[in-house]
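What follows is a short report on a single structure.
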Amino acid sequence: MAKDRKTFSEKVYAVVKRIPKGKTLSYMEVARRAGNPKAFRAVGNILNKNYNPDIPCHRVIRSDGSVGGYNRGEEKKKEILKREATLA
DNA sequence: CCCCTGACACTTA
DNA sequence: ATAAGTGCCAGGG
């Protein structure tokens, strides 16, 4: 088995970057793919502090279906989600 | 190493 | 359905 080359945050970025357009993954889904299904907390914390243009963090929402939060504004996030969902 | 923070999730009232 | 409390994990100082 390969070793944990990067930190949890790096894994989270990779997972989020893999999210297809018009698709939304919950924090727990991302945390699950990242390697720690219990780290959904850390996922949000990491995304919030490290907002990368290559990472569509707006596709990461809460398990309830709520958009959760967004560095640019939840309203904006919802708008993007709706737009991608319609176009995708 | 210890303490605090945080875009969450789940349970109970 | 809503509100409050609890448990979880990683990053930063």
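Just so we're on the same page: letters track the sequence lines, and every chain starts at 1. Since the structure is predicted, the reported quantities are computational estimates derived from the model, not experimental observations.
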Within the 4.0 Å heavy-atom criterion, would you say [X] contacts the bases, only the backbone, or no part of the nucleic acid?
{"X": "A/Asn50", "result": "nothing"}
{"X": "A/Ala39", "result": "sugar-phosphate"}
{"X": "A/Asn48", "result": "base"}

Rounded to the nearest Å, what distance is computed from the [atom1] atom of residue [X] to the [atom2] atom of nucleotide [N]?
{"X": "A/Glu74", "N": "B/dA7", "atom1": "CD", "atom2": "C1'", "value": "8 Å"}
{"X": "A/Tyr13", "N": "B/dA7", "atom1": "OH", "atom2": "P", "value": "15 Å"}
{"X": "A/Ile46", "N": "C/dG12", "atom1": "CD1", "atom2": "C1'", "value": "12 Å"}
{"X": "A/Met28", "N": "B/dA7", "atom1": "CE", "atom2": "C1'", "value": "15 Å"}
{"X": "A/Arg32", "N": "C/dC9", "atom1": "CZ", "atom2": "C1'", "value": "17 Å"}
{"X": "A/Lys11", "N": "C/dC9", "atom1": "NZ", "atom2": "P", "value": "14 Å"}
{"X": "A/Leu47", "N": "B/dG6", "atom1": "CG", "atom2": "P", "value": "15 Å"}
{"X": "A/Phe8", "N": "C/dA10", "atom1": "CZ", "atom2": "P", "value": "7 Å"}

Which listed nucleotide ([options]) is nearest to the side chain of [X]?
{"X": "A/Ser63", "options": "C/dC8, B/dA9, C/dA10", "result": "B/dA9"}
{"X": "A/Arg62", "options": "B/dA9, C/dG11, B/dA7", "result": "B/dA9"}
{"X": "A/Lys38", "options": "C/dG11, B/dA7, C/dC8", "result": "C/dC8"}
{"X": "A/Thr7", "options": "B/dA7, C/dA10, C/dG11", "result": "C/dG11"}

- Side-chain donor/acceptor of A/Arg59 to backbone N/O of A/Ile19, under 3.5 Å: yes
- Do A/Lys77 side-chain atoms and A/Tyr70 backbone N/O form a donor-acceptor pair below 3.5 Å? no
- Those residues that, when tested against A/Ser9, pass side-chain hydrogen bond (donor to acceptor under 3.5 Å, both in side chains) (two or more places apart): A/Thr7
- Closest approach of A/Val67 and A/Tyr27, non-hydrogen atoms and distance? O-OH, 4.2 Å
- Task: Taking all non-hydrogen atoms of both residues into account, name the closest pair between A/Ile55 and A/Lys17 and its distance.
- Result: CG1-CG, 3.8 Å
- Ignoring backbone atoms, test whether A/Asn71 places a side-chain nitrogen or oxygen under 4.0 Å from the OP1 or OP2 oxygen of B/dA7. no
- Query: Are the charged groups of A/Lys82 and A/Glu79 less than 4.0 angstrom apart, N to O?
  - Reply: no
- Query: Who pairs with A/Glu29 by salt bridge (charged side-chain N to carboxylate O under 4.0 Å, His left out), at least two apart in sequence or on another chain?
  - Reply: none
- Task: Measure distances between side-chain N and O atoms of A/Tyr27 and base N and O atoms of B/dA9, and say whether any donor-acceptor pair falls under 3.5 Å.
- Result: no
Check the interface with nucleotides 2-7 of chain C: list each N/O to N/O pair with the protein under 3.5 Å, or write none.
residue, atom, partner, partner atom, Å
C/dG7, O6, A/Arg41, NH2, 3.1

